Structures are given as C-alpha cells and as structure tokens.
Amino acid sequence: MEHNEPQNCTETLRNMRQQIALANVQQMLGKITVNCFRKCIERPGTSLARAEERCVVQCMDRFMDSLKVVSLTYSKRLMRETK
C-alpha cells in the first residue's frame, strides 16, 4: 500500500488547489458584487432604474471577461506545473 502514497499526495494536492481556486473565485465574486453595487446603484430601493441595470450588467460583463482571461491563464500555469 505504500506505493499509493505519492498518488494520494498528488490527489490531495490537486484537491487543495481546486479548493483554493474556488475560494478565490468566490472572494472575487463577492468583491465585484460590492464594487458594481457601489459604482452603479445610486439609491437602493425596491427596483433598479434602467441606467443602474445597464451599469450593473456592463460591470459584471467586464468582470466575467476578466475572470475568463485569469482562469485560462491560471489553468495553463497549473498544466505546466503538473507536467
């Protein structure tokens, strides 16, 4: 059974990296939600004005585009490190 230890260690490390990546995404999502809210919502109420809604959509779109670039770069880096 000792021959499985390196495999278990590698799997544990991979799982930890995935958990860290997920925590980072959750943290970024929380930050962007706060930032977009502060930037776009002038007077919180029961509904959004059209301008506020457009601002939130554009803000989140920019965030998602940025996240996509960061995620792809991070994935490529992980692939290089695991080879």
Side-chain angles (χ1 to χ4, degrees):
M1 251 208 219
E2 289 183 15
H3 66 279
N4 286 334
E5 283 185 27
Q7 183 180 5
N8 290 339
C9 185
T10 301
E11 186 175 331
T12 299
L13 187 57
R14 184 176 47 85
N15 288 337
M16 288 175 61
R17 285 181 177 158
Q18 288 175 344
Q19 290 175 1
I20 290 168
L22 179 60
N24 288 337
V25 169
Q26 289 172 330
Q27 183 181 26
M28 283 191 306
L29 185 56
K31 286 181 180 181
I32 199 64
T33 299
V34 169
N35 289 339
C36 288
F37 183 87
R38 286 182 181 158
K39 177 183 176 190
C40 299
I41 311 301
E42 292 180 20
R43 288 181 227 110
T46 58
S47 63
L48 295 175
R50 284 192 179 161
E52 292 172 329
E53 189 174 333
R54 273 193 309 271
C55 181
V56 169
V57 168
Q58 290 173 351
C59 185
M60 293 301 285
D61 283 347
R62 282 192 304 272
F63 169 73
M64 295 306 289
D65 289 343
S66 299
L67 181 59
K68 182 178 176 181
V69 170
V70 169
S71 295
L72 288 172
T73 303
Y74 183 72
S75 295
K76 288 177 184 178
R77 180 178 157 208
L78 283 179
M79 293 300 283
R80 282 193 314 264
E81 289 178 1
T82 57
K83 286 185 179 182

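Note that the structure is predicted; figures quoted are calculated from it, not measured.
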Student: Atom CD in E81, atom CZ in R77: separation rounded to 0.5 Å?
Tutor: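 It is 4.5 Å, given to the nearest 0.5 Å.
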Student: How close do E52 and R43 get, counting heavy atoms only, and between which atoms?
Tutor: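 Between these two residues, the closest heavy atoms are OE2-N, 3.7 Å.
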Student: Can you tell me how far OG of S75 sits from CZ of R80, rounded to the nearest 0.5 angstrom?
Tutor: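 Taking CZ in R80 and OG in S75, the distance rounds to 11.0 Å.
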Student: Test C36 against every option in V34, I32, T33 by the side chain to side chain contact (heavy atoms under 4.5 Å, CB included) rule and name the one that passes.
Tutor: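 The option that passes is I32.
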Student: Could you tell me whether E42 atom CD has more than 12 heavy atoms of other residues or ligands within 6.0 Å of it?
Tutor: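 Counting other residues, nucleotides and ligands, CD of E42 stays at 12 neighbours or fewer.
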Student: Do M64 and V57 belong to the same hydrophobic cluster, where Ile, Leu, Val, Met, Phe, Trp and Tyr are linked whenever their side-chain heavy atoms lie under 4.5 Å apart, directly or via other members?
Tutor: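 No, separate clusters.
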Student: What's the separation between atom CG in N35 and atom CZ in R62, rounded to the nearest 0.5 Å?
Tutor: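 Between N35 CG and R62 CZ, I get 11.0 Å after rounding to 0.5 Å.
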Student: Atom CZ in R17, atom CG in N15: separation rounded to 0.5 Å?
Tutor: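 Answer for the CZ-CG pair, R17 versus N15, is 11.0 Å.
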Student: Taking the two cysteines C40 and C55, do their sulfur (SG) atoms come closer than 2.5 angstrom to each other?
Tutor: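 Bridged: C55 to C40.
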Student: According to a 4.5 Å side-chain heavy-atom criterion applied to Ile, Leu, Val, Met, Phe, Trp and Tyr, with indirect links allowed, do L29 and F37 form part of one hydrophobic cluster?
Tutor: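 Yes: a chain of side-chain contacts under 4.5 Å links L29 to F37.
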Student: CD of E11 to CE of M16: how many Å apart, nearest 0.5 Å?
Tutor: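 If we round to the nearest 0.5 Å, E11:CD and M16:CE are 13.0 Å apart.
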Student: Output the distance between atom CE (M28) and atom CG (L67), rounded to the nearest 0.5 Å.
Tutor: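 So the CE of M28 and the CG of L67 are separated by 4.5 Å.
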